[in-house]
2 protein chains.
Amino acid sequence: MQNRLLAALPPGDFARLSPHLVPFELERGRTLHEPGDRIDHVYFPLVGVISLMALMENGAAIESAMIGPEGAVGLPAAIRQRTAISRAVVQGKGRALRLSATVLHEAWTASPALRDLVDAHGEGLYANVTQSVACNALHSVEERFCRWILSCHDRVEGDTLALTQEYLADILGVQRTTVTAVARSLQDKGAIRYRRGLVDIIDRAVLEAAACECYGVVRRTYDRLLPAAQRQVKSETSAEP
Amino acid sequence: MQNRLLAALPPGDFARLSPHLVPFELERGRTLHEPGDRIDHVYFPLVGVISLMALMENGAAIESAMIGPEGAVGLPAAIRQRTAISRAVVQGKGRALRLSATVLHEAWTASPALRDLVDAHGEGLYANVTQSVACNALHSVEERFCRWILSCHDRVEGDTLALTQEYLADILGVQRTTVTAVARSLQDKGAIRYRRGLVDIIDRAVLEAAACECYGVVRRTYDRLLPAAQRQVKSETSAEP
DNA sequence: CTTTGAGTGTCGAGTCCTCGACAGTCTGCC
DNA sequence: GGCAGACTGTCGAGGACTCGACACTCAAAG
C-alpha cells in the first residue's frame, strides 16, 4: 500500500473500501476531470503525479497544486456531491487506485478515521495552494522551477522525470524560452540534466538550495497533518539522516 | 443580519447560536490570529474586510484571500480544533460578530444546515485562493490592483477605502513605486481618486474593464455556492439591472 | 531510410517591475 | 504654530521576463 491516505486508514475501514478500489493506469496527459464536471471518481495515486490546473478564460492553464501518493484527487466528494474546481491532468506515467464517489461518501459516513483524513487532506491542500499564491507573486522562475522539480521528484519512482520544457512553461505560467534559460542554468550548476523531454535529477542538494522555501514549507505541512509515510524514499538533505 | 452565512442559517439554528455571538469592532491593522495559533474564535464580518496573509520566512506578507460579509474567518474550526494557516489582519474599520470555536463546533455537530454552509464556504475559499495562484502568476499589477479594489468595494460601506499605497504594495506583493504608478494611471482614467490613505471609487465600470477576470470568477463562485445575499448593494455592471 | 513533427537552443527588442534614493506634502500631536 | 512622522511623487539604472522568430536536432512513423 503506497498511498499515504489509504495506508493511514484503520484496517477495518480499509477492508470495507478495498473491494471497490480499482487499479487505474495514469497515462501522461490524460485529463481526469474538467472544472464544472461532477466528481464521480476519486483517484488515490500510488506513484505518479496529478496536476490541478487553474484555467483562465484565454485558455491558459497553470498549476495550482500537485497531488501524488500523499493525497487524492477529488477527495472532497467524500463529504457531499461536488463539481470539480480545477482541471486534473496526469503529469506522468504512474499508477493509482480509483474509487467511486458514492462508495467513498458511504465510507466517509461510517468511518470517523476517514473523516479525519479527508479533513486533514483538505487542510494540507489549502495550505499548499496558499503557499503557491505567495510563491507565484514573490519568487523567481528559477526558484519555482526547483520547487516544482523537487516536489515532483518526491512523488515518482526514480530520478528521471518525463516532461518537456513547453509543458513546464505552462505549469509555471511563463514563456518556454524562460524555462530553457533556467534549465540551462541549472544544468550548468550540475543540478539536473535535460535531454529531450526527460529531466535527470543529478544533485538534489543543489536544487534544494536554489528552490524557494515553499518546497520545504509545503512538505512539512503535509508531514504534520498526515501520518508519516512508511518509508521516505527521498529525504530533504537538511533532515536527519 | 448582514453576514451572508449567518443569514442563511435556518431560524432555529441561528437562534441557538445567537446568544453566543459577540459584537466585535474591526479596527484597522488589528491581527486576529497568526499562523500556528490555535483558532479559539471565529469572526463573521458584517461590514469590512479581513485579509488572510501568507507569511514568508523573510517577513514578507502577501494576501492569499479576502474575507468579508460573505464569509467568516476561522470557520474550519467548526469541524475540529485547528491551528491557523494564515495571518488574519483587519483591513479597515468595520463590524463583525465573534463566536467561540467550541460553541461553533457544538452547533456544527447539531446542525446539518451549518455543516453545509461550512462546507460551501470552504469550497468557495479554496476556489478563491486557486484563482489567486493563477492571477499572481499571469496578471499585471494593474489588473490585480483593480480586482482587489473591486473586491474590497463589494465588502464595505460607501465608496471610499482607507488604505495606503504602502499597504497595498504589501497586499499585492509588489513595490510601492509600482502601486504609485498604477494608482496614478487609474486616476488619470477617471476610475479612482487617491488622496493620502484614501481611495475614492469614482467609476466602477472603468475598474471592471481594467480588472482581470478573476474578480468576476470569484464573485460568481461565491454566488453559486452560497445563498444569495438579501440585497446586493453594488452590482457588476455586466449583471442584470 | 527518409520524412515529419515535436522538442530545444538562441537571438534581440521591448515591457514590466524592482530597488534605492530623495524631495515634497499632508496630518496629527505637542 | 510648528514639529515629527507618515504618505506620496518622481527619477533612473538595472534585471527579469515576454514575445516573436528561426534554425537545429532528435525520435518515431511510414
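Within every chain, numbering begins at 1; the chains are lettered A, B, ... in the order of the sequence lines, protein sequences first and strands thereafter.
- One atom, CD of B:E166, and another, P of C:dG20, lie 13 Å apart when rounded to the nearest Å.
- Mapping B:H139 and A:A183 onto DNA chain C by nearest heavy atom places A:A183 at the nucleotide closer to the 5' end.
- At the phosphate of C:dA6, neither OP1 nor OP2 sits under 4.0 Å from any side-chain N or O atom of A:Q165.
- Nucleotide D:dC7 holds its P atom 19 Å from the CZ atom of B:R193, rounded to whole Å.
- Looking only at atom types and distance, the side chain of A:S51 has a donor-acceptor partner in the side chain of A:E63 under 3.5 Å away.
- B:R184 has a side-chain polar atom (N or O) that falls below the 4.0 Å cut-off from OP1 or OP2 of D:dT10.
- Inspection of the A:T180 and A:Q165 side chains reveals an N or O donor paired with an N or O acceptor under 3.5 Å.
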- [ ] Applying salt bridge (charged side-chain N to carboxylate O under 4.0 Å, His left out), run through A:D223 and A:R4 and close with a yes or a no.
- [x] CA-CA 10 Å; A:D223 285 345; A:R4 202 156 155 186; 2.8 Å; yes

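- Taking 4.0 angstrom as the limit, B:T177 places none of its side-chain polar atoms (N or O) nearer than this to OP1 or OP2 of C:dC19.
- If you take CG of B:L186 and P of D:dG9, they are 13 Å apart, rounded to a whole angstrom.
- For the pair B:N136 CG and C:dC17 P, the interatomic distance rounds to 12 Å; values are reported in whole Å.
- Across D:dG5, C:dC17, D:dA27, the shortest atom-to-atom separation from the side chain of B:R196 is found for D:dG5.
- Listed candidates were C:dG9, D:dC7, C:dA21. Nearest to the side chain of B:R176 is C:dA21.
- Of the possible donor and acceptor atoms, none in the side chain of A:N3 sits under 3.5 Å from a partner among the backbone N and O of A:L46.
- The B:V174 side chain lies nearest to C:dC17 when the options are C:dT8, D:dC17, C:dC17.
- Rounded to a whole Å, the OH atom of B:Y167 is 17 Å from the P atom of D:dA6.
- A sub-4.0 Å separation between OP1 or OP2 of C:dC19 and a side-chain N or O of B:Q175 is present.
- When the C1' atom of D:dA6 is taken as reference, atom OH of B:Y194 falls 13 Å away, rounded to whole Å.
- Of the candidate nucleotides D:dT8, C:dT8, D:dC19, D:dT8 has the atom lying nearest to any side-chain atom of B:T164.
- Within the structure, every pair that satisfies the ring pair (Phe, Tyr, Trp, His ring centres under 6.0 Å) test and touches residues 34-67 of chain A, not counting sequence neighbours, is listed here: A:F24-A:Y43.
- Between the P atom of C:dA6 and the CZ atom of A:R28 lies a distance of 13 Å, rounded to the nearest Å.
- At whole-Å resolution of the value, CG in B:L198 and P in D:dA6 are 17 Å apart.
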